[in-house]
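Keep in mind the model is a prediction, meaning the values are calculated, not measured. We count ligands from 1, going down the list as the structure has it; atoms in each ligand are counted the same way.
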Amino acid sequence: MSILSNRINNLAESQTIKMAKLGRELAAKGINVINLSFGEPDFHTPQFIKDAAVEAMDKNFTYYTPVSGYPDLRKAIAAKLKRENNLDYNFDQIVVSTGAKQALANALMVMINPGDEVIIPTPYWVSYSEMVKLAEGESVFINATAENNFKITPEELEAAITPKTKMFMFSSPCNPTGSVYSREELAALVKVFEKHPEIFILSDEIYEHINFIGGHVSIAEFASVKDRTIVVNGFSKAYAMTGWRIGYLAAPKEIADAADKLQGQVTSGSCSITQKAGLAALEGGLKEVHEMRDAFLKRRGIVHELLSQIEGLKVNLPDGAFYFFPDVSSFFGKSVDGQTMNNAEDISLYLLNTAHVSTVTGEAFGNEKCIRISYAASEDELREACKRIADALGKLK
Ligand code: PMP
Ligand code: GLU
C-alpha cells in the first residue's frame with residue numbers, strides 16, 4: 001500500500017522534464033549531449049529586462065505581492081492584450097501566476113467538477129491531460145493527423161461534444177506540432193461553439209510571437225465566445241524568461257476572481273522581482289522578440305532541410321513554436337545490436353543513449369508515432385544533432 005495519495009499515484013511524470021533530466025545526467029558524466037528535448041529558448045533574457053529586475057531589488061520590491069499581481073503589471077497586460085490582440089480586458093480580469101503552467105492549472109481547478117469532460121485535440125502539450133486529471137475531469141481526445149497539419153476540423157469537434165463537455169483546451173501555435181490555426185479555421189470552430197453556449201474555451205497562446213505565417217489570432221477575438229474564453233499567456237517563450245516563472249490568464253471576472261482565491265491559498269502572488277521584470281518586458285517593445293523569432297525561422301529552415309533528407313522520417317513544416325514532430329513509425333520493428341525499436345519511446349531513448357541527442361517521445365503528447373525535436377538550440381548544435389540522428393536511424397535494420 002502506498003503512503004501517497006491516489007491523486008499523485010495516478011499522475012504521470014512530465015516527459016519533457018524527465019527527458020531533460022536524463023540528458024543532464026548524461027552530460028554530468030562528461031558526455032556531449034545535445035538537448036533538443038526541453039522547450040526552452042536558448043537565448044538570454046534581454047538585458048533591459050534583467051536591468052529592471054536589479055532595479056526592482058534596489059527599490060526593495062521584495063515583499064509579498066498582491067495575489068493576482070501588481071496592479072501596474074496587470075494594467076500593462078490588459079494594454080498588451082488590447083494593443084497586440086485587439087482584446088478588451090479590465091485589469092481586474094487578469095491574474096498573474098508563477099508561469100503559464102500555473103495559470104492553466106488555476107483555470108482547470110476553478111472550472112472543472114469531477115466527471116466534467118475537457119476536449120483536447122492531440123497532439124497536445126504534455127501537462128494538459130495530467131492537469132485535467134488533477135482537477136478530477138475526464139480528457140476527451142480528438143486525434144488530429146499529420147495529413148491535416150495536426151489540426152482538427154469543426155466536424156471532429158462537434159462529434160466529440162457530449163452533455164458532459166465543460167471545456168475545450170488547446171494551444172495555437174501548438175506545442176508539440178507547431179500548427180497554427182488561421183482566422184478562418186478558428187471561425188469554423190467558433191461556429192460549433194455557438195451551438196453549445198455552455199462550453200468554455202481554454203486558449204493557451206504562449207507561442208503567439210513564434211509564428212511564421214503572420215499575425216497571431218486569438219479565439220477570444222470572436223465576440224460570440226469571448227465571455228467564455230480563458231486566455232493564457234506568459235513571458236517564457238517570447239522573452240526567453242523560462243526561469244523567471246511568470247505567466248497569466250485573462251478571463252471573465254468571476255473566473256479571474258476564482259483563480260485569485262485558489263492562488264491565495266496555494267502559492268500567493270508570484271515573485272515581486274519577476275513581476276517588475278515582466279512589466280519592463282511589456283513596456284520595452286518587441287524588437288528582441290522579433291529577433292528571436294527570426295532566428296527560430298532560420299533554424300526551422302536548417303532543421304527541416306536536414307530532417308527531410310533522412311529516409312523513413314516523415315516531417316511536417318511547422319508554422320510556429322520551435323518544435324518538429326516527425327513520424328518515426330517506419331523504424332518500428334527495426335533493430336541494431338540486438339536492440340529493437342518497438343515504439344517512439346524506444347527511438348527517443350535510443351537517440352539519447354547512442355546519438356546523445358535528447359528528444360521527447362510523442363506518446364507524452366498523445367501521439368504514438370512521433371517524437372518531438374525542439375530546435376531552440378544553436379545552428380551548429382542543430383546541424384550536429386541532425387547528423388547524429390541521421391547516423392543513428394540509418395543503423396536500424
Ligand atoms: N503551455 C505550453 C504549450 C508550453 O509549451 C509551456 C512551456 N513550458 C507552458 C504552457 C508553460 O509555460 P511557463 O514557462 O510560462 O509555465
Ligand atoms: N514547455 C516546455 C516543453 O514543452 C517546457 C517544459 C515543461 O514545462 O514541460 O518542453
For atom 12 (O) of ligand 1, the closest protein heavy atom turns out to be Ile206 CD1, 3.5 Å
Looking only at protein heavy atoms, identify the closest one to atom 9 (O) of ligand 2 and say how far it is in Å. Thr16 OG1, 2.7 Å
Under 4.0 Å to a heavy atom of Arg245 - the qualifying atoms of ligand 1, by number: 13 (P), 14 (O), 16 (O)
For atom 8 (O) of ligand 2, what's the nearest protein heavy atom and its distance? Lys101 NZ, 2.9 Å
N or O contact, Asp204 vs ligand 1, cut-off under 3.5 Å: yes
Numbered atoms and elements of ligand 1 in range of Asn175, under 4.0 angstrom, heavy atoms: 3 (C), 4 (C), 5 (O)
Is the closest basic N to carboxylate O distance between Lys191 and Glu194 below 4.0 Å? no
So, are Lys29 and Glu25 salt-bridged, with charged N and O less than 4.0 Å apart? no
Parallel, tilted or perpendicular for Phe193 and Phe168, by the 30°/60° rule? tilted
Give a yes/no verdict on a cation-pi contact between Lys237 and Phe322, requiring under 6.0 Å between NZ or CZ and the six-membered ring centre and an angle within 45° of the axis. no
Step by step, work out the ring pair (Phe, Tyr, Trp, His ring centres under 6.0 Å) result for Tyr323 and Tyr207. CA-CA 11 Å; Tyr323 307 103; Tyr207 292 97; 5.8 Å; yes
4.5 Å side-chain heavy-atom contact, Ile17 and Phe38: yes
Ion pair Lys151/Glu185, N-O distance below 4.0 Å: yes
Measuring from atom 1 (N) of ligand 2, which candidate in Glu40, Lys18, Lys237, Arg372 has the nearest non-hydrogen atom? Lys237
Location of contacts on Gln102 toward ligand 1, heavy atoms closer than 4.0 Å: neither
Atom 6 (C) of ligand 2 - nearest protein heavy atom and its distance: Phe38 CE1, 3.2 Å
Do we see a donor-acceptor contact under 3.5 Å between the side chains of Ser2 and Asn9? yes
Determine, for Tyr89 and Lys253, whether the Lys NZ or Arg CZ falls below 6.0 Å from the six-membered ring centre while staying within 45 degrees of the axis. no
Scan side-chain atoms only and decide if Glu84 and His209 contain a donor-acceptor pair under the 3.5 Å cut-off. yes
Any nitrogen or oxygen of Ala100 lying under 3.5 Å from a nitrogen or oxygen in ligand 1? Just yes or no. yes
Any N or O on Lys101 sitting closer than 3.5 Å to an N or O of ligand 1? yes
List the closest protein heavy-atom neighbour of atom 9 (C) of ligand 1: residue, atom name, distance to the nearest 0.1 Å. Trp125 CH2, 3.4 Å
Is there at least one pair of N or O atoms, one from Tyr128 and one from ligand 1, spaced under 3.5 Å apart? no
Specify the protein heavy atom at minimum distance from atom 7 (C) of ligand 1: its residue, its atom name, and the distance to 0.1 Å. Lys237 NZ, 2.7 Å
Residue part near ligand 2, for Asn175, under 4.0 Å between non-hydrogen atoms: side chain
Kindly confirm or rule out an N or O of Tyr207 lying under 3.5 angstrom from an N or O of ligand 1. yes
Atom 5 (C) of ligand 2: which protein heavy atom is closest, and how many Å away? Gly39 O, 3.7 Å
Residue Gly99 vicinity, atoms of ligand 1 by number, heavy atom under 4.0 Å: 15 (O), 16 (O)
Ring-plane angle category for Tyr128 and Trp125, please: parallel below 30°, perpendicular beyond 60°, tilted otherwise. perpendicular
